[in-house]
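What follows is a short report on a single structure.
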Amino acid sequence: MRRLAVALAFVVGCHSGGREPPPNAPPSVAASATPTTTRIGAPVAFTAVVSDPDGAIEKVVWNFGDGTGATGSQPPAFGVQHAYADPGTFTVLATAVDDRGGMATDFAIVDVLAVDGPIITLDAIELLGTLDDPAVLEVIVTVDGGPDENVAVQGGSFTKEIPVSASAPTVVEVNAEDPYGNPASVSLTITVGSP
Amino acid sequence: MKTRPACSSGGRTALFAAAALVLAAGPARGAFTRAPVGELARKADAVFQGRVERVECFWEEGVARLYTVATVRVSRSLKGTPGESVQVRASGGARDGLAMIIPGGPRFEPGMELVLFCRRSVRDNELRVLAQGAGEFVNDRGLFTRHAARGESYPEAEFIEFLERACAGEEAEPPRAIPPAPEGTRKAGPRRTSVERPKQEDPVGPRSEAEEDMPEKGSTGEAAFLGVLALIAAAAALAALRKRKAAILLLALSLGFRAHAYTRINWWGVYVWWDISGGEVDWYMRQDATGDTLRELDAVKEGFQIWEDIPTSEIGFEHLGAPAIEIDQKDFRNVIFFDSTDPWGDFDEYILALTVFWADDVTGEMLDADIKFNSVYHTFSSFGEGGTEPIEGLIHHEVGHIVGLDHTNVRTATMYYLYSPTILVLDQDDIDGATAIYPDTTPPPAPVITTNGGADFEQASQDLLLQGTMSDDTWTITVNGSAEGVAAFAPGETNWSCAARLDSSGPHTFQVVAADATGNESAPATITVTLNTPAPVATYFSVSDATTGSTELTDTILVKVDAGFEGDVTGWLVREDPTDPAPGEVQGPLPTSFVLSAGQGEHTVYFWATDALDNISTRAEASIVLDSIPPQVLRDAETVDSTHVVVRFSEAVVGADSAGAYSVSGVASVSGVQSLDADRMMLTLAGLAVGQSYTVTVSGVTDLTGENWVSPPSNEASFVAQAQDEAYLSVIRLTARWSTNVTFSEDVLGATDVMNYRVAWYTFDYPEDAPAEVNWLGGDTYELWHVDLYSPPHPYDTYLLARDITDLAGRHIHYNEPVADPQWYDGFLHVDFPVVQDYTPPSINSFGLHSLVDGDVSQTRMRLVGVRMTESDVGGGVIRWLLKEAPMLPDAAEMLLDGAERRPVLFELSAGAGAHTVYAWVMDDSYNISSAASATITLVANSAPTAVADGSPLTGLEPLDVSFTAAGSFDPDNDALFYAWDFGDGELGSGADVGHTYTQTGTFEVKLVVSDGFGAFGEDTLTVAVGSDLTPPELDVPEVTLKGRVDSALVTGVDVSGTWHDLVGGAFEATVPVADGLNQYTITADDGLGPPAVLNVTVEKQR
């Protein structure tokens, strides 16, 4: 009886082996990074172009080459973002996995430079003013309520450089008076800040 | 057109040409430099003289070959023991309607008397002629002529005598060969007489026997040979550059002077020829895979190619591959091969290669031609490497036989019967031969016109350039039947161009025809060109008064016209009629003057220009106003004497030269009028009473317009009659070295003519004189200038010659006073006058300097000092002064350079406190310079004052009264100060305190100058602003400049609200507009490595 069972199992095994589904065709993947040269802390976008001849891509597993990784599951690009903490050249592996477990891998290279991002500093604003009355020889400039400064008017125009800071708005008052006592003024409120 | 394979190997040809130059002459190729008669005699087995008795031709057993056996009755045995009758065997012959021919081989004819050099063949023990036809000498009227050599002849007696000695083994001098007879005297070659044959036309070429009878025009002598060698070398070089046509053309040009000498292969009167109506002549040669054989095949191909490349000949060849069998039999395969077996005994050491061919015995059509190289006795290779025989020259020659050419006696020809390895290019003789047999009758294709894509077109320029392409066998291009304008092109080029000039608008049709070297003309290519040249365009045009040049008004109807037109102007028309002219009316040059129609007012003159194509410009016009101002008579007439008076008009007049135009109060008639100028008339009157006043009334006189009349009250002139007098030269006075003045007693004529004066003097009894310029000084005084009266001095007999100077009445002048007997000298009035003999320098009587401010004569605080000087001169007076602080005596030029002819009253001392000595000189008009006078004055140091200006108010509405004060000014020397103000509005003022009212708005620069009276000054300025209105001033900050930094080495600039600004040293400056209200600016810096940095700046403006 046992012999029979074994023999039967063999027969069944043979039978089922002959009926296996067709082999899974592997997917293909092409990985890209944007940008490919970056700096520490700046986000890099990784996207993949994937296809599978006999099924669908389930996910792309990303290995960022710095010991971290992520899984992109959103077709079509299965993209992820990653910011590097250290400089160096990193090989990023993208492994596409299809719905039957078939896999394909591509890589992208990212150069991370040890540089800081640019920092913009606004030091000053120079006023380029005009005054149409030739009898007015100077204007008075007051910054943030400070002392009056006399600024000469030449040929109908004047300039005055105002230091500015990012911490607080700078308020500039410009006043003039013609010989007859007619006043004129203009005020500028300057605000500096990152978005 | 014959098809032409591409040149097989240009590089090879070059190497070949170079190699050929160093090759020594090798053995003969059926040719005979190396077969001199003495040597033949030594090497022959049998030499004999005899007469051909019988000629029989047989088929060779087993192969398609013929051989001929000639039976010769021996009349003189010279070597060997031939016996009374000898049979001589030779390949070739004629039988069964076929002829097998070996060019250069022996030929036999019954009755022919000859001397044969024979050798018994080891093959069949039969006698064969040594060296083929070179061993056959035929008796032609007492001359033994070498058969194959076309003319190398020996007189019979000397020839036989020499042979007897040579054959006996004696040393003997060969007889002198008689040079070939002139071409015209030689016959076409042996004619078979034993066989009756109907006379035939040359089956291919138009030429028959007549060609052989043409006299030779040129020389084939040594000089000509050397001359062409250089050209051949050049041709070989051209051949190396694949310029086959050029090479051939060069030869054709250089050798073209010579009449033909070539000979066609002639089989007993029948010319041989290939039927090429079916295309090219095919040939076969083995082509082994080894490199050597390939090179040999290439060499042979080259041999065919040079004949194929003859532009005027249509024959072509094609290599079809390897032959089935390499044998020179009639197998209708033209085989070229290296024969190392010689089964028929055709070779001996004198033979390099043989051409064996078959022809129809009756028509001469060639059926088969084979070339076999004598590999039994020689080794061959391309270029003759390693001492072997070069294939190249040989194959040229042998292919020439295939073409149908026999040997020529042109030494530079490939077909020359003597072999020369240096002849590598076809001679014109060879070309002529090939051309005669196979003339190129196919015209080239029509040329292609590429100008404007070949389509008809229009153009503006008269110059036309047609261009196009043509086939490479085009030798000439003609346009409308002429080669004029066609650019030269090298043979083989495929581009042509032709420059032409169009002489009318057309349309012009051009027919372009190509012709090949033979002269066959293509169908024409046609293009039509039409000229659309723009008409000339006027660029400037004017009408002006011919006399004054004024463009506004003229008194005369004669005006000057001027105009310029763009374009090739060939004709002009100027007239007052504005109607557009017909083409023929616009012609001739632009007139320089033009006669206006009469009538006052504006006259418009119209201009047209035309070009050579009758394109007439648009009309240009210019106007001028004809004068409407009437002439007047000047109130006072000039009295000449008791019978002449001059009436002057205000302008040139018409009618004033008529006596009827004048009436004089109290005088019956005006007996004559002489026109002195256009506006000055001298009247001759009778019956005037001296001292009496008269009035002349003028009538009927107009100005040049003809419309403005002299009319009352301006038509009267009055005069007082004067006593009869004569003009005289009243004063001659030397005023300076270079000039003298001449004054006449009254107005004269001719006094301004330089030719009417000579200033003369005697030098060693010889009169010299000098021309002078004449300056009219006004009135009746003239200055003769450029008369050198100074050097050398002329102490005596200086005189003035004057002639042709008359008073207004035409009487010649006299000297000083009316004299009865004026001195005349050669037509001149001779006037002595004294020259002031002034060698005495002037003297300075007193000289002193004084301060201009304090009168101190010894010292000053000003550098500018006054000069006091008195001087005297015994002659004409002092004319120049010079003051300077150096005591060196000046020369006259320096005195002149001193400049002003004014007496010096001021002198500026050099800088520096202390004593200054000033020296003075004066010069008189005879250039005598005084001795120096000097004066000393001390310059005391002076300090400049300081000016301090102030005023109040300095701003305000106009009119603005400002009080100025210079009270703050001061002087370190405590000198009294003088104040001068410039108020900046064009007004000046003076004084320490001064007021001024500004009546204009604006900003004014006020300048105060204070002086201390000693030449030192101080300045100060003030600004006064005068307002203009009651409204508040307009104050605004329309823009600001953002100034900042970016600290990243990777960022080169920032974007400020869409505008790029480069960083300079890491900093940026961006000027941005500021509107009322809120303004936002975004500064972006991107290093490309990640998100850009952004800084927002807002400016809120309130007014």
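Below, chain A is the first sequence line, B the second, and so on; all start at residue 1.
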For this session: Decide yes or no for A:L188 and B:V1040: does some side-chain heavy atom of the first lie under 4.5 Å from some side-chain heavy atom of the second?
Result: yes

Exercise. Under a 4.5 Å heavy-atom cutoff, which of A:T34, A:T189, A:V192 has the most pairs with chain B?
Worked result: A:T189

For this session: Compare every heavy atom of B:K1043 with every heavy atom of A:L122, then report the nearest pair and how far apart it is.
Result: CD1-O, 3.4 Å

Exercise. Where does B:V1074 contact chain A at under 4.5 Å (heavy atoms): side chain, backbone, both or neither?
Worked result: side chain

Exercise. Atom CD of B:Q1102 and atom OG of A:S185: how far apart are they, to the nearest 0.5 Å?
Worked result: 9.5 Å

Problem set entry | Part of A:V153 lying under 4.5 Å from any heavy atom of chain B | neither

Exercise. Taking every heavy-atom pair that is under 4.5 Å apart, which of A:G129, A:G155, A:A176 has the most such pairs with chain B?
Worked result: A:G129

In a table with atom names and distances, give each donor-acceptor pair under 3.5 Å that connects a side chain of residues 70-79 of chain A to protein atoms at least two apart or in another chain.
none

Exercise. Considering residues at least two apart in sequence or located in another chain, which fulfil the side chain to side chain donor-acceptor pair (under 3.5 Å) criterion with B:S963?
Worked result: none

Exercise. Hey, what do you get for CG (A:L127) to CG (B:D1036), rounding to the nearest 0.5 Å?
Worked result: 11.0 Å

Problem set entry | Student check: side-chain heavy atoms of A:I125 and B:V1097 closer than 4.5 Å | yes

Exercise. For B:D1055, does the CG atom sit with more than 12 other heavy atoms under 6.0 Å from it, leaving out its own atoms?
Worked result: yes

Seminar exercise, completed: Interatomic distance, CG@B:N1096 vs OG1@A:T191, rounded to 0.5 Å, equals 10.5 Å

Exercise. Does a side-chain heavy-atom distance below 4.5 Å link B:P1091 with A:R39?
Worked result: yes

Seminar exercise, completed: From the list B:V1046, B:T1071, B:T1098, the residue making the most non-hydrogen contacts under 4.5 Å with chain A is B:T1098

Problem set entry | Donor-acceptor pair, side chain of B:D1047 and main chain of A:I119, under 3.5 angstrom | yes

Exercise. By a 4.5 Å heavy-atom criterion (distance strictly below it), what part of A:L137 contacts chain B: side chain, backbone, both, or neither?
Worked result: side chain

Problem set entry | A:P118 versus B:A1093, closest heavy-atom pair with distance | O-CB, 3.0 Å

Problem set entry | chain B contact via A:D111 - side chain, backbone, both or neither, heavy atoms under 4.5 Å | neither

Problem set entry | Under 4.5 Å from any heavy atom of chain A - which part of B:L1050 | side chain

Exercise. Taking side chain as C-beta onward, heavy atoms only, is A:T130 less than 4.5 Å from B:P1038?
Worked result: yes

Seminar exercise, completed: In terms of heavy-atom contacts, A:I120 and B:I1083 come closest through CD1-O, 3.4 Å

Exercise. With a cut-off of 6.0 Å (strictly less than), are more than 12 heavy atoms of other residues, nucleotides or ligands near CD of B:Q1000?
Worked result: yes

Exercise. Side chain, backbone, both or neither: which part of A:V115 has a non-hydrogen atom closer than 4.5 Å to chain B?
Worked result: side chain

For this session: Sort out for me which of A:T38, A:L128, A:L113 touches chain B most, counting heavy-atom pairs under 4.5 Å.
Result: A:L128

For this session: Find the distance between CG (A:D123) and CG (B:L1042) and round it off to the nearest 0.5 Å.
Result: 11.0 Å

Seminar exercise, completed: Applying a strict 4.5 Å limit to non-hydrogen atoms, the region of B:F1068 in contact with chain A is side chain

Problem set entry | For A:D132 against B:E1034, the heavy-atom pair lying closest together | OD1-N, 2.8 Å

Problem set entry | Nearest atoms (heavy-atom pairs only) where A:A184 meets B:P1033 | CB-O, 3.2 Å

Exercise. A:I162 versus chain B, heavy atoms under 4.5 Å apart: side chain, backbone, both or neither?
Worked result: neither

For this session: Could you look at B:V1051 and say if it's the side chain, the backbone, both or neither that has a heavy atom under 4.5 Å from chain A?
Result: side chain

Seminar exercise, completed: Bottom line for A:T37: the part with an atom under 4.5 Å from chain B's heavy atoms is both

Exercise. Which one of B:T1041, B:T1003, B:V1024, B:T955 has the most heavy-atom pairs closer than 4.5 Å to chain A?
Worked result: B:T1041

